[in-house]
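Computed from a predicted structure; not experimentally measured. Chain letters run A, B, ... following the sequence lines, proteins first, then strands; residues in each count from 1. Side chains included, hydrogens not; waters and symmetry mates left out as well; all remaining heavy atoms used.
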Amino acid sequence: MPFEKLDLSAAAPVFSWANHPLAENEARMAANVASLPFVFKHVALMPDVHLGKGALVGSVLATRDAIIPAAVGVDVGCGTVALKTPFVGDQLEGKLKQIRLDIEKMIPVGMAENAQVESEVTHWSGWRSFSALHPGVQRCEQKALKQAGSLGGGNHFIEICVDTEQAVWLMLHSGSRGIGNLLAQRHIDTARDLAKLAQMHLPDPDLAYFVSNTPEFDAYWHDLQWAQDYARFNREIMMARLKRVVEKQLAGGRPFKPLLMVNCHHNYAEREVHYGEKVYVTRKGAVRAQQGDLGIIPGSMGAKSFIVRGKGNRESYCSCAHGAGRLMSRHRAKQTFSLDDFIAQTAGVECRKDTGLIDEIPGAYKPIDGVMAQQSDLVEVVATLKQVVCVKG
DNA sequence: ATGTAC
């Protein structure tokens with residue numbers, strides 16, 4: 001589907017791939033971002049776009065000489081990793097429950113963290129620069145060590161999936177945990193303070209920004225890249241443990257060679273070239289989809305997920321959606337659905353079936369097929385996956 | 001999303 005050029009009377013146009021007409025507050029949020037003078041060319045909205053803090057979740061912005069820390073958000077480096085195994089779906093028969101229990105034993109979820117820090121964690125090179133991070137997080141190094149290789153809560157998940165060719169995939173969704181959150185909050189506070197001090201006129205206080213070539217910008221950029229690396233590493237550690245669980249259950253403990261692995265952020269910023277110019281690209285709930293890039297677009301815990309290949313669509317800043325997008329808030333989902341609804345909507349998925357998961361019920365999310373149909377000019381589908389095991393925090 | 005406070 002082609003995108004729509006929205007005229008929101010802001011300085012920059014907004015190109016929208018949304019599969020719904022924008023609500024008034026969503027349009028205002030898009031216009032606020034597009035009105036900032038340092039925004040490059042236009043703002044791109046992905047098919048799963050919805051209200052966020054400062055900027056829309058499912059939006060991509062390129063900036064010339066400034067960055068908005070609240071637009072990146074607090075779940076720095078959040079993303080997904082998927083691994084294709086040499087196993088076929090039939091091999092999982094009768095083993096799903098045990099696999100789920102093993103996952104829950106091997107990987108801390110929710111509030112839990114690792115009891116001891118293993119050498120695969122301490123070997124990460126990022127620990128060497130921990131002392132260079134914001135002074136406000138220095139007391140949290142032990143916690144960051146124990147949280148490396150832990151899932152967290154909310155929409156974070158661990159899944160075993162089977163694709164349409166019967167191949168078994170491992171997939172998980174997580175970010176930079178407490179340390180990334182704290183780093184982001186420290187810098188968001190600084191940006192707010194600076195804007196207030198300078199009596200800067202902003203359409204929204206959550207759009208306070210840092211200007212390049214200032215100490216505040218450099219400190220934020222450094223910590224942001226560190227947190228993004230931590231998030232990617234966190235997913236790698238969990239994927240290695242998940243792989244071992246599956247090896248134990250399906251291969252008598254013998255290691256297997258992955259046929260493919262994709263590890264992508266969907267909440268982050270990086271330097272990229274667009275329209276011949278090097279700019280800062282912020283993807284807030286969006287996945288990079290440069291020509292040939294592999295990406296992951298997960299549906300809800302009862303729906304399909306997709307491994308995709310980017311088409312390099314330049315108007316989207318080479319991006320695509322990061323998931324289905326919520327249809328209703330967690331609060332409304334809990335009011336709307338019962339445990340019986342949850343059990344019906346997660347039929348065929350080996351997962352916890354208790355009231356604590358009702359806010360993650362598939363009915364609280366948009367159907368993923370509509371989201372995929374809306375971005376056929378951004379990505380092509382490489383594999384279509386359906387989960388048979390799902391672990392949430 | 002997270003961690004802490006209410």
Side-chain angles (χ1 to χ4, degrees), chain A residues 48-59 68-81 107-114 133-159 171-192 206 220 223-224 226-235 237-238 264-269 282-287 296 298 300-301 322-334 356-361 364-365 390-393:
Chain A
D48 56 337
V49 71
H50 59 274
L51 217 57
K53 205 164 154 60
L56 294 165
V57 176
S59 66
I68 308 163
V72 180
V74 293
D75 197 2
V76 174
C78 187
T80 46
V81 57
I107 303 176
V109 304
M111 300 291 249
E113 51 191 45
N114 292 290
L133 298 173
H134 194 287
V137 308
Q138 290 307 317
R139 64 186 168 82
C140 302
E141 187 169 9
Q142 267 310 308
K143 188 185 178 117
L145 277 157
K146 287 190 167 180
Q147 284 192 332
S150 71
L151 186 71
N155 57 8
H156 291 169
F157 65 76
I158 301 166
E159 285 183 349
M171 174 156 71
L172 63 92
H173 172 208
S174 186
S176 53
R177 310 292 285 103
I179 187 69
N181 189 307
L182 191 62
L183 280 168
Q185 284 190 42
R186 288 284 168 271
H187 291 287
I188 289 168
D189 290 348
T190 304
R192 248 178 197 268
D206 285 325
Y220 174 61
D223 290 0
L224 182 68
W226 187 94
Q228 288 172 188
D229 290 346
Y230 177 95
R232 185 182 295 275
F233 174 67
N234 178 37
R235 289 192 293 272
I237 291 290
M238 284 187 281
C264 59
H265 299 318
H266 55 226
N267 230 43
Y268 73 112
T282 299
R283 293 196 177 87
K284 186 185 184 70
V287 175
I296 304 163
S300 70
M301 67 186 292
H322 80 310
R326 286 199 86 92
L327 202 55
M328 61 180 79
S329 67
R330 294 185 181 280
H331 182 71
R332 209 180 119 213
K334 282 181 198 160
L357 282 183
I358 288 179
D359 51 352
E360 282 294 313
I361 190 170
Y365 286 87
C390 178
V391 173
K392 293 235 181 201

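- For A:Gln147, the side-chain atoms get nearest to B:dG3 when compared with the rest of B:dG3, B:dT2, B:dA1.
- Remark: side-chain polar atoms of A:Asp75 are not paired, donor with acceptor, to backbone N or O of A:Asn181 under 3.5 angstrom.
- A:Gln185 has its CD atom 13 Å from the P atom of B:dA5, to the nearest Å.
- To the nearest angstrom, C1' of B:dA1 lies 6 Å from CG of A:Asn181.
- Using bins of under 30°, 30° to 60° and over 60° for the plane-to-plane angle, the ring pair A:His322/A:His266 lands in the perpendicular bin.
- Spacing between atom CZ of A:Arg139 and atom C1' of B:dT4 amounts to 11 Å, rounded to whole angstrom units.
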Exercise for review: Tell me, with the steps shown, if A:Glu159 and A:Lys392 meet salt bridge (charged side-chain N to carboxylate O under 4.0 Å, His left out).
Suggested key: CA-CA 9 Å; A:Glu159 285 183 349; A:Lys392 293 235 181 201; over 6 Å; no
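- Distance, A:Ile179 CD1 to B:dT2 P: 14 Å, rounded to whole Å.
- In this structure, A:Trp226 and A:Tyr230 have parallel ring planes: the angle between them is below the 30° cut-off, well short of the 60° mark.
- When heavy atoms are screened at a 4.0 angstrom cut-off, A:Lys143 is found touching the sugar-phosphate backbone but no base atom.
- In this structure, the CD atom of A:Glu360 is 7 Å from the P atom of B:dA1, given to the nearest Å.
- The side chain of A:Arg177 contributes no N or O atom lying less than 4.0 Å from OP1 or OP2 of B:dA1.
- Side-chain nitrogen and oxygen atoms of A:His173 include none within less than 4.0 Å of the OP1 or OP2 phosphate oxygen of B:dA1.
- If you measure from atom CZ of A:Arg186 to atom P of B:dG3, you get 13 Å, rounded to the nearest angstrom.
- Atom NE2 of A:His50 is separated from atom C1' of B:dA1 by 12 Å (rounded to the nearest Å).
- When the C1' atom of B:dT2 is taken as reference, atom CG of A:Leu182 falls 10 Å away, rounded to whole Å.
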